[in-house]
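Being a predicted model, the structure only gives us computed values, none of them experimental. Chain identifiers are assigned alphabetically (A, B, ...) following the order of the sequence lines, protein sequences preceding nucleic acid strands; residue numbering begins at 1 within each chain.
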There are 2 protein chains.
Amino acid sequence: MTKDSPSARERIVAGAADMISRRGLNATSIRETAKHASAPLGSTYHYFPEGKQQLVTEAVRHTGEWTARSLRKELQAGPVAGLQAFLALWRKIVVDSDFRAGCPVLAVSIEEPAPGETSAVLTAAADVFATWEGLLADSLREHGAEPERAANLATLIVAAVEGTVAMCRAKRSAEPFDRTAEELRALILAAVGD
Amino acid sequence: MTKDSPSARERIVAGAADMISRRGLNATSIRETAKHASAPLGSTYHYFPEGKQQLVTEAVRHTGEWTARSLRKELQAGPVAGLQAFLALWRKIVVDSDFRAGCPVLAVSIEEPAPGETSAVLTAAADVFATWEGLLADSLREHGAEPERAANLATLIVAAVEGTVAMCRAKRSAEPFDRTAEELRALILAAVGD
DNA sequence: GGTAGACTATGACAATTGTTATAGAGCAGA
DNA sequence: TCTGCTCTATAACAATTGTCATAGTCTACC
């Protein structure tokens, strides 16, 4: 084993991220996340005393870090390779789940927070998006893209990938992935001066 | 008046679309849509005897047609103008709602349908996306874009806009809109041979 | 006036939700 | 063995959900 078997707490977080990516935030109940992780309901409130908000926030961050790790690694081979890997990662999640799973960060981004309250969940999602954009933008700049354009392109890439994931789920087809992949690839190649 | 005052049925559908765009599909209850439209709960099941699925499906189609109408009109001034209008339309919804509203079509696309069942809601969402893509692709082709590229670009645009809406909500900032707008504009200009 | 059909009002149903409380198990170290 | 701590088990709570049933009101047409 290269890794410890995950603790119950980690299983709950990862399971919650998966369930949110499939059913959305509000359709994901604490009872079911516990069952999904073979953990008792009581334990969930032991590990996450602030309740659902805390669990969901950690699930978002967990997905964000997991994806950022992959992105960081693949970007070492350049921005085009990084983009391809980023796309492939999400494509695999969508296709392997038979178009039932998507991105939990997107999922939590589209639910209104309670009035007045700037939900911690939404803040976590914004941080995740910013992290992904930062990684992409840095790589683009390192490979010759103009600084401001690099930021624009990074935002476009993240937005397009998130949107594509949702479109593929609705259409039950991976075709949108291939379309956006082609265009984004050409766009990056042109921006870094090939 | 240039228009009839909307019927109760229309008010319910439009209100449901708005609520879904804010809170997501599962957090939008039939009781609250009725209240929001000042219609009694009983009426909702009178107008939509198939229940929530029917109401939501109509809400998605309603948003799709409303947007397509605007898109069709603005595309008469060319694909760049159409893109700008498409972006401006969603930007206005997001900003005017203080980052609380988004796209209901996206919202319903990220909730898992019941096992085995290919939900009518998801099919409606896929149709809406396809319609928007078709309008954009046709316009691009008419203005000189290569046919296959036009389809790719149309998918990229819709995906990027949907993703950008979600990102703006998470960040509580309209900046992503401006970033993607700039890049998409340049991309289209290049594709139609300016 | 009267009758049919469209709409409303009201209440109930089983199920599920987030959360809290309380008591118990299991095991570490003194 | 006793103590303290982490974790589990179980039950309960008020609220909300989609849906259905039933009886009532209103309005248009004969």
Side-chain angles (χ1 to χ4, degrees), chain A residues 4-17 19-20 22-60 104 107-108 111-117 119-122 124, chain B residues 4-17 19-20 22-60 104 107-108 111-117 119-122 124:
Chain A
D4 288 315
S5 83
S7 71
R9 195 181 195 282
E10 286 165 343
R11 273 194 337 255
I12 295 175
V13 171
M19 291 179 62
I20 292 168
R22 293 171 185 265
R23 316 148 59 132
L25 175 51
N26 279 286
T28 299
S29 77
I30 295 210
R31 275 176 184 80
E32 296 207 350
T33 57
K35 199 165 297 181
H36 185 274
S38 302
L41 172 62
S43 295
T44 306
Y45 279 92
H46 171 75
Y47 291 123
F48 310 95
E50 291 163 46
K52 189 175 185 179
Q53 167 168 274
Q54 184 184 2
L55 170 56
V56 172
T57 302
E58 294 204 20
V60 167
V108 305
E111 319 238 344
E112 189 173 54
E117 149 200 14
S119 134
V121 178
L122 225 57
Chain B
D4 289 315
S5 84
S7 71
R9 195 181 196 282
E10 286 165 343
R11 267 185 297 126
I12 295 174
V13 171
M19 290 179 63
I20 292 169
R22 293 172 185 266
R23 312 142 69 122
L25 175 52
N26 279 285
T28 299
S29 76
I30 294 210
R31 275 176 184 81
E32 296 207 350
T33 58
K35 198 165 299 179
H36 185 275
S38 302
L41 173 61
S43 295
T44 306
Y45 279 92
H46 172 74
Y47 291 123
F48 310 95
E50 291 163 46
K52 187 174 185 179
Q53 167 168 273
Q54 183 185 1
L55 170 57
V56 173
T57 302
E58 295 203 22
V60 167
V108 306
E111 318 239 343
E112 187 174 56
E117 149 201 14
S119 135
V121 179
L122 225 56

[X] has a side chain; which of [options] sits nearest to it?
X       : options               : result
A:Lys52 : D:dC7, C:dG18, D:dT17 : C:dG18
A:Ile30 : C:dG18, D:dT19, C:dA9 : C:dG18
B:Leu41 : D:dC7, C:dC7, C:dG11  : C:dG11

Tell me: [atom1] of [X] to [atom2] of [N], nearest whole Å?
X       : N      : atom1 : atom2 : answer
A:Ile12 : D:dC7  : CD1   : C1'   : 11 Å
A:His46 : C:dA21 : NE2   : C1'   : 16 Å
A:Phe48 : C:dT20 : CZ    : P     : 15 Å
A:Arg31 : D:dA11 : CZ    : P     : 13 Å
B:Tyr45 : C:dG11 : OH    : P     : 18 Å
B:Gln54 : D:dT19 : CD    : C1'   : 14 Å

Categorize B:Thr28 for me: base, sugar-phosphate, or nothing, with a 4.0 angstrom heavy-atom threshold over every strand shown.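 Sugar-phosphate only.
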Contact class for B:Tyr47 (heavy atom, under 4.0 Å): base, sugar-phosphate, or nothing? sugar-phosphate
Which is more 5' along DNA chain C, the nucleotide nearest A:Ala27 or the one nearest A:Pro49? Just name the residue. A:Ala27
Please examine the side chains of A:Ile12 and A:Phe48, heavy atoms only from C-beta on, and report whether any two atoms are closer than 4.5 Å.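 A:Phe48 reaches A:Ile12 side chain to side chain.
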Is any side-chain heavy atom of A:Glu58 less than 4.5 Å from a side-chain heavy atom of A:Arg9? yes
Expected output: side-chain A:Lys52 to main-chain A:Thr28 donor-acceptor under 3.5 Å: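 Here the side-chain-to-backbone pair exists.
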D:dT16, OP1 or OP2 - any side-chain N/O from B:Ser29 closer than 4.0 Å? no
